[in-house]
Amino acid sequence: MSPRQIAFPDHPTSMTTVHIIGAGLAGLACAARLLQATTSHTLRIEIHEAARHPGGRCRTFYDTHLSRRIDNGNHLLLSANQAVLSYLHAVSETPFPRAGIPNTFFTPSETVFPFYDHATGEHWSIHPNQGIAPWWLFCPSRRIPKTSVRDYLSPNALRLLTAGADACVADCIPKADPLHRRFWEPLCLAVMNAPPTIAAAAPLRAVLLKTFGRGATYCKPLIARDGLSDALIDPAVAFLKRRGTEIRFGHRARALRFTQKRVERLEFAGESESSVIELGENDCVVLATPPAVTANLAPNISAPQESSAIINAHFRLDSSPTLPELRAPFLGLINTTAHWLFVRDDVVSLTISGADNLLETPENALIAQLWKEAATALSLPANGSPPPHRIIKEKRATFAQTPSNFRLRPAPTTAWRNLFLAGDWTDTGLPATMESAVLSGQRAATLVNRFRLKI
């Protein structure tokens, strides 16, 4: 069923106001799904965002030091991310010109994942084939150099596919595994924002089965051409405004007031008339906020307690560099401080996942190391001062995706009949990714519609 064919039952006759707290991907996806399926005039949506901009951790901004627009963090989507693609279909309201992919995203003509090993100087690409049967493993040019088919089909890989909820990735794929350093570790860091020693195995398995496990069609990289805001946030904001949704920026939720069974009042920081909102009997609330904020607003909500950092470094060059692997504007990095390198015009961006141990590193030392790695990977001169640069540290980029924290992820429903949760940290069955954020918002929308039907 295509996104435009999705239709929730829409029979309520009384007006319902849905208050969505948070204008990140989860909140925007919730509002978009509600409006996508609503044909009557019985639904009103208000979005309350503490910041002065939408998007949360998924946004683009103009950096005055670089004189360029850069993303708050680098993100790589895959063609298997159907929740994100359905969200984009909903907010675009027009067919995409390319096989289900909007023009705001670049996707290579072939499914290819290029890598560079800083220790050996080798460049190679992982190149999956179409279809479920992984015959690419039998083609040396499509797999990691000096590896065999047996390495990919080892008992360790089988252990990952059967791991229980308490297992970490390293329990299944030890360091001695031939693919640990060049495949499993970078994959784990990219998906889980955590090293294999602490990352939960089961969520990584879920991603593998939805992507590499289904062949090249489902793991084709999708990269925002002009930034995350242009590709994912601005179209949604424009769609919501066209449909009459009010988005209040700088409107920080301070407290929720409860009766025994429902939320009855919202309180926001400020002295304006809108600082207190009394909810009608038919109104409901979606908390699309980070776990710590949600736990402060709603008592007794289970939430992951720890977080993991991501560090991004952006360098502006004199001209656009040429990647050794021309088929994709990104590069996986092995045996380096950074894990991924992205190129957009004359800006080179590097990402360090699971970066908690580097948060206190002096910026000059970190920049010098990252520029050396980037220049070497791009065959550029590494001597002299680094070019203009910007470091962005996200201390709470995701929750710490350990087995113990996954057990703390809450369901989207709560003890109060008109309060629902959304966010990549809620229990979606997926790691804390953009796909998880959008899926959580869409699920919250489904629950809101069920609530409306019970009125």
Side-chain angles (χ1 to χ4, degrees), residues 12-31 33-35 38 42-54 56 240 244-305 396 399 408-427 437 440-455:
T13 56
S14 55
M15 173 64 72
T16 298
T17 299
V18 181
H19 295 275
I20 300 174
I21 300 178
L25 265 181
L28 295 176
C30 179
R33 175 56 63 90
L34 285 169
L35 292 174
T38 299
T42 61
L43 176 68
R44 183 169 179 263
I45 299 175
E46 291 186 13
I47 300 178
H48 310 271
E49 170 55 51
R52 296 289 178 181
H53 53 76
L240 296 176
T245 298
E246 182 178 3
I247 305 179
R248 300 184 183 183
F249 295 110
H251 210 223
R252 183 182 299 276
R254 182 177 59 192
L256 275 62
R257 302 303 178 190
F258 302 89
T259 61
Q260 186 176 1
K261 295 183 179 180
R262 60 185 294 272
V263 182
E264 63 176 0
R265 186 171 67 208
L266 306 177
E267 297 179 2
F268 296 88
E271 302 298 329
S272 66
E273 294 181 0
S274 60
S275 62
V276 175
I277 297 177
E278 301 288 345
L279 300 186
E281 283 293 327
N282 301 331
D283 298 342
C284 58
V285 179
V286 176
L287 281 180
T289 47
V293 175
T294 302
N296 286 334
L297 292 173
N300 302 319
I301 293 291
S302 171
Q305 300 298 310
R396 297 177 179 83
F399 73 91
L408 295 175
R409 298 176 89 182
T413 54
T414 70
W416 301 277
R417 62 185 181 89
N418 65 337
L419 176 64
F420 309 100
L421 305 180
D424 63 7
W425 59 276
T426 61
D427 189 8
S440 74
Q442 293 172 340
R443 289 181 173 179
T446 299
L447 292 170
V448 167
N449 275 279
R450 290 177 183 171
F451 168 80
R452 295 173 64 213
L453 287 174
K454 294 177 181 179
I455 296 172

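Note that this is a predicted model, so its numbers are computed, not measured.
To the nearest 0.5 Å, atoms NE2 (H251) and CD1 (I47) are separated by 13.5 Å. Atom CG of residue L419 and atom CD1 of residue I301 lie 6.5 Å apart, to the nearest 0.5 angstrom. Note: N282 CG to T16 OG1 = 5.0 Å, rounded to the nearest 0.5 Å. Between L279 atom CG and N418 atom CG the span is 6.5 Å, to the nearest 0.5 Å. Separating the CG atom in D424 from the CG atom in L25 is a distance of 9.0 Å, to the nearest 0.5 Å. To the nearest 0.5 Å, atom CZ of residue R252 and atom NE2 of residue H48 are 14.0 Å apart.
Side chain of S302 to main chain of L408: a donor-acceptor pair is present (N/O by atom type, distance under 3.5 Å, no hydrogens or angles).
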For the pair T42 and R452, evaluate side chain to side chain donor-acceptor pair (under 3.5 Å) and give the outcome as yes or no after the intermediate values.
CA-CA 10 Å; T42 61; R452 295 173 64 213; 2.8 Å; yes

Could you check R417 against E281 for salt bridge (charged side-chain N to carboxylate O under 4.0 Å, His left out), going step by step and ending with a plain yes or no?
CA-CA 11 Å; R417 62 185 181 89; E281 283 293 327; 3.3 Å; yes

Derivation and outcome, side chain to side chain contact (heavy atoms under 4.5 Å, CB included), residues D283 and V18:
CA-CA 6 Å; D283 298 342; V18 181; over 6 Å; no

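Of all heavy-atom pairs spanning F249 and P54, the tightest one is CE2-N, 3.5 Å. Annotation for I277 and F268: closest pair CD1-CE1, 3.7 Å, computed over non-hydrogen atoms. Contact detail for P304 and R409: the closest heavy-atom pair is CG-CG, 4.3 Å. P410 and L421 get closest at one heavy-atom pair: CG-CD1, 3.9 Å. Across S440 and G423, no two heavy atoms sit closer than the pair OG-N, 2.8 Å. Heavy-atom minimum distance, V448 versus F420: CG2-CD1, 3.9 Å.
Proximity of E246 to R44: side-chain heavy atoms (C-beta onward) are separated by under 4.5 Å at one or more points. You'll find the side chain of R265 reaches within 4.5 Å of the side chain of V276, heavy atoms only. Using a 4.5 Å cut-off on side-chain heavy atoms (C-beta onward), L240 and I45 make no contact.
Qualifying ring-ring contact (aromatic ring centres under 6.0 Å, His included) partners for F258, counting only residues two or more places apart in sequence or in other chains: W416. A search for salt bridge (Lys or Arg N to Asp or Glu O under 4.0 Å) contacts involving R257 returns E267, not counting sequence neighbours.
R396 CZ: 12 or fewer foreign heavy atoms inside a 6.0 Å radius.
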Please list, one pair per line, the donor and acceptor atoms closer than 3.5 Å that link side chains of residues 284-291 to other protein atoms, with sequence neighbours excluded.
unit_1	atom_1	unit_2	atom_2	d
T289	OG1	T294	OG1	2.6

